[in-house]
Visitor: 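This is the structure I have questions about; it appears just below.
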There are 2 protein chains.
Amino acid sequence: MAGLQKVKSEETRKRVLGAAVDLMEEGGLDAVQIRSVAERAGYSVGSVYKHYADIDALIIAVNSITLERIHQVMRNATEGLETPIDRLKALAHAYSEFSRENPKLWKGLFDHHLPESRSIPEEHKLANVALLSLIGGELKALDPSMGEDELAARTRTCFGAVHGLVTISLEERFAGLSGDTLSSELDFLVQRLAEA
Amino acid sequence: MAGLQKVKSEETRKRVLGAAVDLMEEGGLDAVQIRSVAERAGYSVGSVYKHYADIDALIIAVNSITLERIHQVMRNATEGLETPIDRLKALAHAYSEFSRENPKLWKGLFDHHLPESRSIPEEHKLANVALLSLIGGELKALDPSMGEDELAARTRTCFGAVHGLVTISLEERFAGLSGDTLSSELDFLVQRLAEA
DNA sequence: AGTAGAAAATGAACAATGTTCAATTTTGAT
DNA sequence: ATCAAAATTGAACATTGTTCATTTTCTACT
């Protein structure tokens, strides 16, 4: 049966990726190294390269999982909420909370950059756009008359604004916000952006 | 005269830093390496270490210059403008323009992170706060009744929001905004945040 | 001027990490 | 049982940060 090899191969890939995710959670981007991943997964460095072209590909795989998790908590956050503004606020809070609860995964997602010469995999870009469309859907509900381009632009403005506040709040250099202050500023920001 | 050594030492430090700035402008954060800086400056690797404790200290020195440049263009941007809202919009545009005109310096500033164990130099944190206070001043003019804590929080919200929009607009992954669209979204964002 | 000590500068050597690949082990089909 | 393909290994190399013994240059003093 040809199945055994395939099963083993997939098992290896899964363990390698799992080890990489664990290391990112524990030690951030810098901890995701070929040797540390190989050791944690119980394989040699060569086996890691059998499944991921290089360290960047592995990190992107980890970040795709992080993106998926963020998408998940944001989708859940709007459940049961009726008005678009309430739903937008809930999305912003879910995003912020994820960054607080998983700072190393979150930073790893946004701190990782490919060299200029390389392009981000299409799949990963789509996962980013999927996040944006959670916001876009609410903005569309708020103002159905908005054109496609205008909606796309406004969606990025709203996401970018919340993303920026969350980002600087995680950084020591800006003496950022936290706790109730962060929470109420997020509400203020979304309210202002979304109100008619 | 004891002056010659001091002059030489300062000359070396200046050349090393200048080489590092040039490399950051040309090749971004990854191009600022001890060997490349030493070669560009015309010194050995050991001499670089004589003036900067490690590569992080050198990068922070480069980033302090970048911060100073950003501060400069933002200060200039408000000249001759009367209303706080116009001035806030001008600050946002100046920030955005700097990121477009100096993408590698700008990315180098925000992509660089110290290991958790190390703390950002006080001087560098103050330079960040100086940027924030340009915004804080306008917000205070807009609403003099605001308390200190409230003003500090709102200042970070406004900065973070603009910073986030600028950030994602520079990134391929988000298919960000540019040109007139970015410009008008910045206006929209500032208008909404600043209006009564 | 000459000289000893201090400061500056050098570059070889080491450590850590990404990457490659020839050799070995395991698996699948006959 | 045997051979080819797939999986796995780990030694070896390249790059980059860092250290430090040595050499060169400068200052102060006689």
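Residue numbers begin at 1 in each chain, while the letters A, B, ... track the order of the sequences.
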Visitor: Please pick, from dG17(D), dT10(C), dT17(C), the nucleotide with the shortest atom-to-atom distance to any side-chain atom of Arg35(B).
Guide: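 My answer, after comparing the listed nucleotides, is dG17(D).
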
Visitor: With respect to the side chain of Tyr49(A), which nucleotide from dT9(D), dA9(C), dT20(C) is positioned closest?
Guide: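 From the listed options, dT20(C) comes nearest.
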
Visitor: Write down the distance between CD1 (Ile55(B)) and P (dA15(C)), rounded to a whole number of angstrom.
Guide: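 Interatomic distance, CD1 of Ile55(B) to P of dA15(C): 21 Å.
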
Visitor: Can you see if the side chain of Ser47(A) gets near the phosphate of dA7(D) - specifically, an N or O under 4.0 Å from OP1 or OP2?
Guide: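 Looking at the OP1 and OP2 atoms of dA7(D), neither is under 4.0 Å from any side-chain N or O of Ser47(A).
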
Visitor: For the residue pair Arg156(B) and Phe174(A), would you count it as a cation-pi contact if the rule is NZ or CZ under 6.0 angstrom from the ring centre and within 45 degrees of the ring axis?
Guide: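 No; the conditions do not both hold, so Arg156(B) does not lie above the ring face of Phe174(A).
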
Visitor: Would you indicate which nucleotide in dT18(D), dG10(D), dA7(D) comes nearest to any side-chain atom of Val45(A)?
Guide: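 Closest of the options to the side chain of Val45(A): dG10(D).
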
Visitor: Can you identify which nucleotide, out of dA8(C), dG11(C), dG18(C), has its nearest atom closest to the Ser44(B) side chain?
Guide: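 That would be dG11(C).
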
Visitor: Could you tell me the separation between the CZ atom of Arg118(A) and the C1' atom of dG18(C), rounded to a whole number of Å?
Guide: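 In whole Å, dG18(C) C1' and Arg118(A) CZ are 12 Å from each other.
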
Visitor: Rounded to whole Å, how long is the line connecting atom NZ of Lys50(A) with atom C1' of dT25(C)?
Guide: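 About 13 Å, once rounded to whole Å.
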
Visitor: Tell me whether the OP1 or OP2 atom of dA6(D) has a side-chain N or O from Ser9(A) closer than 4.0 Å.
Guide: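 Looking at the OP1 and OP2 atoms of dA6(D), neither is under 4.0 Å from any side-chain N or O of Ser9(A).
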
Visitor: Base, sugar-phosphate alone, or nothing: which one does Ile34(B) contact when heavy atoms must sit under 4.0 Å apart?
Guide: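 Base contact - Ile34(B) has a heavy atom under 4.0 Å of at least one base atom.
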
Visitor: Is Thr12(A) near enough to dT8(D) that one of its side-chain N or O atoms lies under 4.0 angstrom from OP1 or OP2?
Guide: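 So the side chain of Thr12(A) is within the cut-off, an N or O lying under 4.0 Å from OP1 or OP2 of dT8(D).
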
Visitor: Write down the distance between OH (Tyr52(B)) and P (dT19(D)), rounded to a whole number of angstrom.
Guide: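 Rounded to the whole Å, the gap is 17 Å.
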
